[in-house]
J.: 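Could you have a look at this structure, given as structure tokens, before my questions?
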Amino acid sequence: MKITNSERMFEQACRLMPGGVNSPVRAFRAVEMTPRFIKMAKGSKIYDVDDNEYIDFVGSWGPMILGHARDEVVEAVCRAAKLGTSYGAPTGAETELAQHIVDAVPCAEMVRLVNSGTEAVMSAVRAARGYTGRDLIVKFEGCYHGHSDGLLVKAGSGLLTENVPTSAGVPAAFAAATLTADFNDEKSVREIFAEYGENIAALIVEPVAANMGVVPPKPGFLEFLRTITRKYGTVLIFDEVITGFRLALGGAQEYYNVTPDMATLGKIVGGGMPMAAYCGRKEIMSMVSPQGPVYQAGTLSGNPAAVAAGLATLNILKAHPEVYKAIDQKGAMLEAAYVKAAKDHCVEACVNRVGSLLSVFFTKGPVETYKDVTKSNLSMFRQYFASMMESGIYIAPSQFESMFVGAAHGDEDLKKTAAAIDRAFASLGE
Ligand code: KE4
């Protein structure tokens, strides 16, 4: 595989941008390789500047549930852009998208559109603090909720990948207001609430942890969080930036039938354009300016081109609910391929999957907690990653991310991927 153009372009990028990228995990540092510079993508494929084709299971980290450059989405963006790329004024399309979210997402009575998952989480937490008059928040070690200061405490995704779980530059006072519990460990949550319960404004959780690799909630864990937060008057926030519109049209709260007080959405809701949202019960969302005293604003919030991409995507998902069964089956096929390859080549590995989200861990398993995740063999992951890339399969360059299976992954793609998994495990088993 020739990657000379990527190498040349990466050198130039590194002179101008920190690490040569605009988001850390893209730098391929954890896998000690040169990141591929991408020139285009269509459907399930992505193409780099050296004309290498890959089957893409990153899908822009989740948005591409319908595949890259889906005609209806591209046409919608072009139509919107021709009418002006941004007005800074209300549009009917924003109302239409808000209605979609209210109709689909169980906790959503009102919605605010923003530009990124980080902004959605930061704003939802502020609204919860304004609503409760309390300061403390609870998150889970290994979960990632974007890069706002208070959430960069024992976080997952790129912080785990770069081995800096708590970021530099976050004042101790900010971090002190964030308490961390252990995902899937009810005792750790009870202890925090027993000591701080009356002062906890919000508990935020990825209902399926997908930023430490995929770790599903244990049966009853989400229901437990719903009960204990209600008991203490704490706002329960489901961070559904990944699971929203992916596990079901109503996200994890529909999939697990647990309704939080608020939710954050991103990725799919913007159809791959910079757009996200936070939503929730009317009495909480009514706190947000200009209706209430919690300030939050954004020049490009509800941007017409981004809203057009989101609307086109949600319209397709709403009209074709069969997509969800299809991507779940595709995920199951890949899961079976990993299990078979690990057995055939005597490789110590285990797979976690929820619907179209899955991760392989190079440890015996089961992987049910952040502590279990840390047992995964990262040098085996690096070897597996390099083999998959050599086979033309583009997966996240980090153990602490998910594979994203989408509607555009066809049978041929899955067969080729299964063969690549077998090849990678054969080399690991040697
Ligand atoms: P953004 O600010 O990156 O749009 O969203 C932040 C965010 C919030 N909540 C969850 C559950 C998330 O997974 C994310 C972002 N996800 C990462 C990948 N795991 C984005 C990729 C990146 O950081 O480049």
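Numbers here simply count residues along the sequence, with the first being 1. Atoms considered below: every heavy atom in the structure, side chains included; atoms not considered: hydrogens, waters and symmetry mates. In listed order, ligands and their atoms are each counted from 1.
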J.: Atom CD in Glu335, atom CG in Asp328: separation rounded to 0.5 Å?
T.: 9.5 Å
J.: Would you say Ile242 and ligand 1 have an N/O pair spaced under 3.5 Å apart?
T.: no
J.: Any nitrogen or oxygen of Glu206, side chain or backbone, less than 3.5 Å from one on ligand 1?
T.: no
J.: Quick one, Asp413 with Lys416, criterion salt bridge (charged side-chain N to carboxylate O under 4.0 Å, His left out). Give me CA distance, side-chain angles, the key distance, then yes/no.
T.: CA-CA 5 Å; Asp413 294 330; Lys416 188 174 171 188; over 6 Å; no
J.: Less than 6.0 angstrom separating the ring centers of Phe404 and Phe57, yes or no?
T.: no
J.: May I ask you to test the Phe174-Thr178 pair for a side-chain heavy-atom distance under 4.5 Å?
T.: no
J.: In the protein, what heavy atom is nearest to atom 22 (C) of ligand 1, and what distance, to one decimal place, separates them?
T.: Ser23 OG, 3.3 Å
J.: Please say whether Trp61 places an N or O atom under 3.5 Å from an N or O atom belonging to ligand 1.
T.: no
J.: Does the protein place a non-hydrogen atom closer than 4.0 angstrom to atom 3 (O) of ligand 1?
T.: no
J.: Give yes or no for whether the N/O distance cutoff of 3.5 Å, strictly under, is met between Lys267 and ligand 1.
T.: yes
J.: Between ligand 1 and Ser157, can you find any atom pair, the residue atom being a heavy atom, that is separated by under 4.0 Å?
T.: yes
J.: His145 versus ligand 1: do any nitrogen or oxygen atoms come within less than 3.5 Å of each other?
T.: no
J.: Is a side-chain N or O of Asn52 found less than 3.5 angstrom from the main chain of Asp48, in a donor-acceptor match?
T.: no
J.: Considering only non-hydrogen protein atoms, determine which one is nearest to atom 9 (N) of ligand 1 and report residue, atom name and distance to 0.1 Å.
T.: Asp239 OD2, 2.7 Å
J.: Which part of Glu119 is near ligand 1, with near meaning a heavy atom under 4.0 Å away: side chain, backbone, both or neither?
T.: neither
J.: Does the side chain of Arg246 pick up a donor-acceptor pair with the side chain of Ser356 at under 3.5 Å?
T.: yes
J.: Please state which protein non-hydrogen atom is closest to atom 13 (O) of ligand 1 and give its distance, to 0.1 Å?
T.: Asn211 ND2, 3.0 Å
J.: For the atom pair CZ (Phe362) and OH (Tyr384), what is the distance rounded to the nearest 0.5 Å?
T.: 6.0 Å
